[in-house]
Novice: 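Input: one structure, supplied below.
Letters A, B, ... are given to chains in the order of the sequence lines, protein chains preceding strands, and every chain is numbered from 1.
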Amino acid sequence: MNILETVKKGVQDAIKNLYQGEIAADAVVLNPTRKEFEGDYTLVVFPYTKMAKKAPPVLAEEVGVYLKENVSEIEDYNVVKGFLNLSFSDGFWKEFLFQNSGNPSFGKGTANGKKVMVEFSSPNTNKPLHLGHIRNILLGWSSAKILEAAGNEVVKVQIINDRGIAICKSMLAWQKFGNAETPESSGTKGDHLVGKYYVEFEKQFKKEYANWQQSEEGIEHFMSHKKREQTEEEYFKKYKQQYFNENSVLGKEAKEMLLKWEAGEEETVNLWKKMNGWVYEGFDTTYKKLGVEFDKLYYESNTYLLGKEMIDKGLNNKVFFKKEDGSVWIDLTDAKMDEKIVLRSDGTSVYITQDLGTANLRYQDFGVEKMVYVVADEQNYHFKVLFETLKRLGEPYAQNMHHLSYGMVDLPTGKMKSREGTVVDADDLVAEVIEEARTNAVERGEIVEISQEERDTIYRKIGLAALKFFIIKVNPKKRMIFDPKESVDLQGQTGPYVQNAFVRIQSVLRKAQLDSVDLSLAGGYEKIETQEKELLNQLFTYPSIIQQAADELDPSAIANYCYNLAKGYHKFYHDHSILKAESEAAKSFRLQLSKMVANVLESGLDLLGIEMPERM
RNA sequence: GGUCCCGUAGCUCAACUGGAUAGAGCAGCUCACUUCUAAUGAGCAGGUUUCAGGUUCGAGUCCUGACGGGAUCACCA
């Protein structure tokens, strides 16, 4: 039994024996003791005062006496107001350390036989990945790792949005203005090349639209359609999408191309395959740089027709209803949502139809009983509707659908807007943080004795740690402000700060090995010091932090934990000598403590997709 | 307008899910490297947790209402 459960049981017994009261185990509030007080864990006794008819300090005192006598691990206690601070014995802590310090997988749960799917990244194939995708990818990857660490079997997937009008815009622009340019001929990464033509299309379309606004047709249109008080600028801004659909020459061509694609016309399909191929190659490079991979990719070109048989099922069960024009709807007004279309009047799928079908397909493919979608919070409503619909359809997995919803990433200057060229490109950003790590290391003028290749590996690890930690440390649901300058910071509350604690330990361990220390001497260590106890306490909570992060799908909990552990270690390292400790026992104890801290830091950062350098 | 999310130090973020005197980093000002690597540590300064009520032994956290920011309300995806 876990010590905390033992204590809780002890508290239950105390209440029962002292006051003849019954309390549930999860009603026992046990918190880590704040560091300005003496103790390891604190019991809050206020909830029992009524039952026991005692004043809080008296009650705390009585329970304290009982626990000290009846729970062997509890060595001492003290009472401050209604708070009972409990101290565990050094023996308990030593055993905890010796049992776990050499275990690299400390904190990870045992396999629970559950299968979970995590969907993340899921880009469009018409432009390269940007900062927004990076937040998505990092959250998805670390959530998957965390769920795995909590004992689940995890399948990582993405659904690639590889069809539709957007990719046709890139294709058309390339056809018209591309002069058969390829990634090879231009030396441009595939996804960037395709993105370039997407931008080119928008540019040409904008020009066309501007010309139309000045033309007789455009002027006449404006005069006959404008609302009162509406300026030309306001009107045309609003009309843009409609212009694309109804008046535009380029728009017409793009739409024709989409029709050809849907009809399977060979030339169009080949062009589509070629350009998407370029994009995938580019994406792969970016994913590799970020250190992520997937178990299976779903393509919307394969899934966009799915879901219709589920519509039939739902119609039979009266989950859905049909309107006069043949369109199919679900009425969610009793769940405080709206009526929502699930099949168009012409019988074709909409977004949610595909998602219904895809969820079902995934269940068939993998038998997963839980699915996590990492998607920005602008789609909160969509997923509410999707999950509710699956429930009403009675799908077996419907109770375990989760939307890991995260806030958008803003720049200090405001929102990212592709049209205004304020998008931060993923590849540029990665290159920038690595370069910053290099510059910094060169200025410091250290680690010169290793090869250039090894140094490059270290710079890459440090740069990426800075970037990843900076993004993951923020609670996912919060909208975050991304300052590129701060993201490359290597000091303070950063990834490299955590790495540095690990590196310091490695350095100590390397030196210690030369002396060949007898680790068994640590058992004779007399008195564990305050800072050592604090570190042990922090290490002790690691398993529950993993569990919490998994339950709440919140990788930021791991990031903040790692930072605090590293901080504790840096301070300990500063105040205590390890290799020149006052006794052999102390030295051995501290080496094992350091070893365990290193293991946990490495394990924790690994859950965030951050690698440890051996030196820096 | 309806619904949902957010609001904590100048800035970027925490706060163990209702617990003790709200903590870190950055930026600013001091101090500490011939020492197990200073990508570190110590100190100063910075707060009416947007505001007003309520619930209770106790509220940044829960409830109500304002105010501010964002998202969403397509036979788009």
Side-chain angles (χ1 to χ4, degrees), chain A residues 29-34 36-37 42 44 46-47 49-50 55-56 80-83 85 124 161 163-166 241 300 304 323 325-329 336-338 340-346 348-352 354-355 376-382 384 405 407-408 410 412 415 437 440-441 444 446-447 462 466 470 473-475 477-483 485-487 489-494 496-501 503-512 541 544-545 548 552 556-557 559-561 563-564 567 570-571 573-581 590-591 594 615-616:
Chain A
V29 181
L30 211 53
N31 295 324
T33 303
R34 297 184 69 118
E36 55 269 36
F37 299 100
T42 297
V44 183
F46 288 105
T49 48
K50 264 187 194 157
V80 181
K81 292 189 277 185
F83 300 91
N85 300 321
N124 297 342
N161 197 342
R163 60 171 284 279
I165 195 73
Q241 187 57 41
E300 206 184 289
Y304 81 109
K323 287 197 176 172
D325 62 2
S327 58
V328 180
W329 297 71
K336 281 177 74 178
M337 286 176 261
D338 301 313
K340 191 82 192 167
I341 189 162
V342 294
L343 200 67
R344 288 196 190 101
S345 52
D346 63 6
T348 56
S349 307
V350 292
Y351 185 32
I352 198 159
Q354 297 172 43
D355 272 356
D377 63 7
E378 56 192 359
Q379 295 202 38
N380 282 354
Y381 183 66
H382 170 74
K384 257 180 92 173
S405 158
M408 302 294 236
D410 290 329
K415 281 190 189 182
N440 215 279
R444 292 161 44 83
E446 288 174 16
I447 56 174
I462 295 174
F470 184 79
K473 75 176 182 189
V474 181
N475 188 305
K477 69 180 170 188
K478 282 192 166 176
R479 200 179 179 95
M480 72 176 288
I481 294 177
F482 182 90
D483 187 340
K485 277 205 297 282
E486 284 177 24
S487 74
D489 274 352
L490 310 174
Q491 275 131 21
Q493 194 176 15
T494 66
Y497 175 96
V498 181
Q499 288 177 320
N500 186 228
V503 165
R504 285 178 138 181
I505 295 170
Q506 295 313 305
S507 173
V508 172
L509 293 178
R510 270 196 299 270
K511 294 218 163 144
T541 59
S544 66
I545 297 286
Q548 180 205 335
E552 294 174 16
S556 73
N560 287 310
Y561 171 82
Y563 170 72
N564 284 321
K567 188 175 165 62
H570 276 307
K571 186 163 168 50
Y573 179 92
H574 181 265
D575 292 347
H576 298 81
S577 183
I578 297 164
L579 296 178
K580 290 177 194 156
R590 286 176 191 163
L591 280 171
S594 299
R615 55 185 77 209
M616 59 195 286

Novice: Could you tell me the separation between the NZ atom of A:Lys81 and the C1' atom of B:rA20, rounded to a whole number of Å?
Specialist: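 Interatomic distance, NZ of A:Lys81 to C1' of B:rA20: 5 Å.
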Novice: Please tell me if A:Lys571 has a side-chain N or O lying less than 4.0 Å from either OP1 or OP2 of B:rA42.
Specialist: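 So the side-chain polar atoms of A:Lys571 do come within 4.0 Å of the phosphate oxygens OP1 or OP2 of B:rA42, strictly under.
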Novice: A:His576 has an atom NE2; how far is it from atom C1' of B:rC36, in whole Å?
Specialist: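 From A:His576 NE2 to B:rC36 C1': 14 Å.
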Novice: Name the pairing partner of B:rC16, where a pair is Watson-Crick or G-U wobble with both distances under 3.5 Å, or state none.
Specialist: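 Matched B:rC16 with nothing under the 3.5 Å cut-off.
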Novice: Quickly work out the A:Gln493 CD to B:rG41 C1' distance and round it to whole Å.
Specialist: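 Rounded to the whole Å, the gap is 17 Å.
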Novice: Could you tell me whether the side-chain ring of A:Phe83 sits stacked on the base of B:rA20, using a centroid cut-off under 5.5 Å and a plane angle under 30°?
Specialist: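 It does: the ring sits over the base of B:rA20.
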Novice: For A:Asn124 and A:Lys340, find the nucleotide of RNA chain B closest to each by heavy atoms; which residue's nucleotide sits nearer the 5' end?
Specialist: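 Its nearest nucleotide being more 5', the pick is A:Lys340.
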Novice: Between B:rA77 and A:Arg344, is there an OP1 or OP2 to side-chain N/O distance shorter than 4.0 Å?
Specialist: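 It does, given that an N or O in the side chain of A:Arg344 lies less than 4.0 Å from OP1 or OP2 of B:rA77.
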Novice: Could you check how far CG of A:Asn440 sits from C1' of B:rU40, rounded to whole Å?
Specialist: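 Atom CG in A:Asn440 sits about 14 Å away from atom C1' in B:rU40.
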Novice: Using a 3.5 Å distance criterion without hydrogens, assess whether the side chain of A:Asn475 forms a donor-acceptor pair with backbone atoms of A:Lys477.
Specialist: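 The answer is yes, because a donor-acceptor pair under 3.5 Å joins these two groups.
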Novice: When both hydrogen-bonding distances must be under 3.5 Å and the geometry is Watson-Crick or G-U wobble, what is B:rA42 paired with, if anything?
Specialist: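 The answer is B:rU30, by the H-bond criterion.
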Novice: Which base, if any, makes a Watson-Crick or G-U wobble pair with B:rG1, both distances under 3.5 Å?
Specialist: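 Answer to the pairing question: B:rC73, which forms a Watson-Crick or G-U pair with B:rG1.
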Novice: Please report the distance separating the C1' of B:rA14 from the corresponding atom of B:rC6, rounded so that it comes out in whole Å.
Specialist: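 Rounded to whole Å, the distance is 16 Å.
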Novice: Using the rule for Phe, Tyr, His and the six-membered ring of Trp, do A:Tyr381 and B:rA71 stack at under 5.5 Å and under 30°?
Specialist: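 Stack criterion not met.
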Novice: What nucleic acid atoms does A:Ser594 come within less than 4.0 Å of, heavy atoms only: base, sugar-phosphate, or nothing?
Specialist: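 Since no nucleic acid heavy atom lies under 4.0 Å of A:Ser594, the category is nothing.
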Novice: In whole Å, what separates the P atom of B:rG69 from that of B:rU50?
Specialist: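 Looking at atom P only, B:rG69 and B:rU50 are 16 Å apart.
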Novice: Taking atom C1' in both B:rU12 and B:rC67, what distance in whole Å separates the two?
Specialist: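 Taking atom C1' in both B:rU12 and B:rC67, they lie 24 Å apart.
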Novice: To check you understand the geometry: which heavy-atom pair defines the closest contact between A:Gln379 and A:Tyr351, and what is its length?
Specialist: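 Nearest heavy atoms, A:Gln379 then A:Tyr351: OE1-OH, 2.6 Å.
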Novice: Phosphate oxygens OP1/OP2 of B:rG41: is one of them under 4.0 Å from a side-chain N or O of A:Tyr497?
Specialist: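 Checking A:Tyr497 against B:rG41: at least one side-chain N or O falls below 4.0 Å of OP1 or OP2.
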Novice: Quick one: look up who B:rU37 pairs with, Watson-Crick or G-U, both distances under 3.5 Å, and put none if it's unpaired.
Specialist: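 Checking every strand shown, B:rU37 finds no partner, since no pair has both distances under 3.5 Å.
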Novice: Give one of base, sugar-phosphate or nothing for A:Val44, where a contact means two heavy atoms less than 4.0 Å apart.
Specialist: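 Touches a base.
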Novice: Would you find a donor on one side and an acceptor on the other, under 3.5 Å apart, between the side chain of A:Asn500 and the backbone of A:Pro496?
Specialist: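 A pair under 3.5 Å: no.
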Novice: Check for a donor-acceptor pair, side chain of A:His570 on one end and backbone N or O of A:Tyr497 on the other, with a separation under 3.5 Å.
Specialist: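 Indeed, once roles are kept as given, a pair shorter than 3.5 Å links the two residues.
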Novice: Say you pick atom P in B:rC16 and the same atom in B:rG23; how far apart are they, in whole Å?
Specialist: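 It works out to 13 Å between them.
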Novice: Kindly point out which of B:rA20, B:rC36, B:rC4 is positioned nearest to the side chain of A:Lys336?
Specialist: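 My answer, after comparing the listed nucleotides, is B:rC4.
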Novice: Measuring to OP1 and OP2 of B:rG25, would you say a side-chain N or O of A:Lys567 lies under 4.0 angstrom away?
Specialist: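 Yes, because at least one side-chain N or O of A:Lys567 sits under 4.0 Å from OP1 or OP2 of B:rG25.
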Novice: Of the candidate nucleotides B:rC36, B:rU8, B:rG19, which contains the atom at the shortest distance from the side chain of A:Lys478?
Specialist: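 Shortest atom-to-atom distance from the side chain points to B:rU8.
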Novice: I'd like the C1' distance from B:rC73 over to B:rG65, given in whole Å.
Specialist: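 Those two atoms are separated by 24 Å.
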Novice: By the 4.0 Å heavy-atom rule, please label A:Glu300 as base, sugar-phosphate, or nothing.
Specialist: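 The answer is sugar-phosphate, as A:Glu300 gets under 4.0 Å only of primed atoms, P, OP1 or OP2.
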Novice: Under 4.0 Å between any heavy atoms, over every strand shown, what does A:Asn475 touch: base, sugar-phosphate, or nothing? Just pick one.
Specialist: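 Sugar-phosphate only.
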Novice: Under 4.0 Å, counting only non-hydrogen atoms across every strand here, what does A:Met480 touch: a base, just sugar-phosphate, or nothing?
Specialist: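 The residue A:Met480 makes sugar-phosphate contact but no base contact.
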Novice: So what does A:Asn85 hit on the nucleic acid, given a heavy-atom distance under 4.0 Å: a base, only sugar-phosphate, or nothing?
Specialist: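 Here A:Asn85 touches the bases of the nucleic acid.
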Novice: Are any non-hydrogen side-chain atoms of A:Arg504 and A:Ser507 less than 4.5 angstrom apart?
Specialist: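 No, too far: nothing below the 4.5 Å cut-off.
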Novice: Looking at A:Ser349 and A:Tyr304, would you say the former's side chain and the latter's main chain have a donor-acceptor pair under 3.5 Å?
Specialist: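 Looks like yes, one N/O pair under 3.5 Å.
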Novice: Expressed in angstrom and rounded to an integer, what is the separation of A:His570 atom NE2 from B:rG25 atom P?
Specialist: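 Roughly 12 Å, once rounded to whole Å.
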Novice: Nearest whole angstrom, please: distance from the P of B:rU40 to the CG of A:Asp489.
Specialist: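 Distance, rounded to whole Å: 10 Å.
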Novice: Between B:rA59 and B:rA20, how far is it from one P atom to the other, in whole Å?
Specialist: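 So the two P atoms sit 10 Å from each other.
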Novice: For A:Asp483 and B:rC26, give me the distance from atom CG to atom P, rounded to whole Å.
Specialist: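 After rounding, the gap between these two atoms is 15 Å.
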Novice: Identify the nucleotide, in any strand shown, that forms a Watson-Crick or G-U wobble pair with B:rG68, with both distances under 3.5 Å; if there is none, say none.
Specialist: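 Base partner found: B:rC6.
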Novice: If we call it a pair only when both distances are under 3.5 Å in a Watson-Crick or G-U wobble match, what pairs with B:rU48?
Specialist: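 Pairing partner: none.
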Novice: The side chain of A:His574 lies closest to which of these nucleotides: B:rU3, B:rA20, B:rG41?
Specialist: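 Looking only at side-chain atoms, A:His574 lies closest to B:rG41.
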Novice: Is the phosphate of B:rG7, meaning OP1 or OP2, less than 4.0 Å from a side-chain N or O of A:Arg479?
Specialist: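 Answer no for this pair, as no side-chain N or O of A:Arg479 is under 4.0 Å from OP1 or OP2.
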Novice: Could you check whether any side-chain N or O of A:Ser594 sits under 3.5 Å from a backbone N or O of A:Arg590, counting only pairs where one atom can act as donor and the other as acceptor?
Specialist: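 It does hold such a pair.
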Novice: If I pick the P atom on B:rG60 and the same atom on B:rG68, what distance separates them, to the nearest angstrom?
Specialist: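 Their P atoms lie roughly 24 Å apart.
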Novice: Say you pick atom P in B:rG28 and the same atom in B:rU35; how far apart are they, in whole Å?
Specialist: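 B:rG28 and B:rU35 have their P atoms separated by 28 Å.
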Novice: Hey, does A:Tyr563 reach any base, or is it just sugar-phosphate, or nothing, if we go heavy atoms under 4.0 Å?
Specialist: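 It contacts sugar-phosphate atoms only.
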Novice: Using a 4.0 Å heavy-atom cut-off across all strands, classify A:Val474 as base, sugar-phosphate, or nothing.
Specialist: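 Touches sugar-phosphate only.
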Novice: Test A:Thr494 against A:Asp489 for side chain to side chain donor-acceptor pair (under 3.5 Å), laying out the working first.
Specialist: CA-CA 7 Å; A:Thr494 66; A:Asp489 274 352; over 6 Å; no
Novice: Counting only distance, no hydrogens or angles, is the base of B:rA14 paired donor-acceptor with the side chain of A:Ser556 under 3.5 Å?
Specialist: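 Not at all, since no donor on one side and acceptor on the other fall under 3.5 Å apart.
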Novice: Using a 4.0 Å heavy-atom cut-off across all strands, classify A:Ile481 as base, sugar-phosphate, or nothing.
Specialist: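 Sugar-phosphate only.
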Novice: Tell me which of A:Glu378 and A:Asn161 sits closer to the 5' end of RNA chain B, going by the nucleotide each one is nearest to.
Specialist: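 On the 5' side of the pair lies A:Glu378.
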Novice: For A:Asp575 and B:rG41, give me the distance from atom CG to atom P, rounded to whole Å.
Specialist: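 In whole Å, B:rG41 P lies 10 Å from A:Asp575 CG.
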Novice: With the side chain of A:Pro32 defined as its heavy atoms from C-beta on, choose the nearest nucleotide among B:rC16, B:rG41, B:rC36.
Specialist: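 The answer is B:rC16.
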Novice: Does A:Ile165 reach a base, just sugar-phosphate, or nothing at all? Heavy atoms under 4.0 Å.
Specialist: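 Result for A:Ile165 = nothing.
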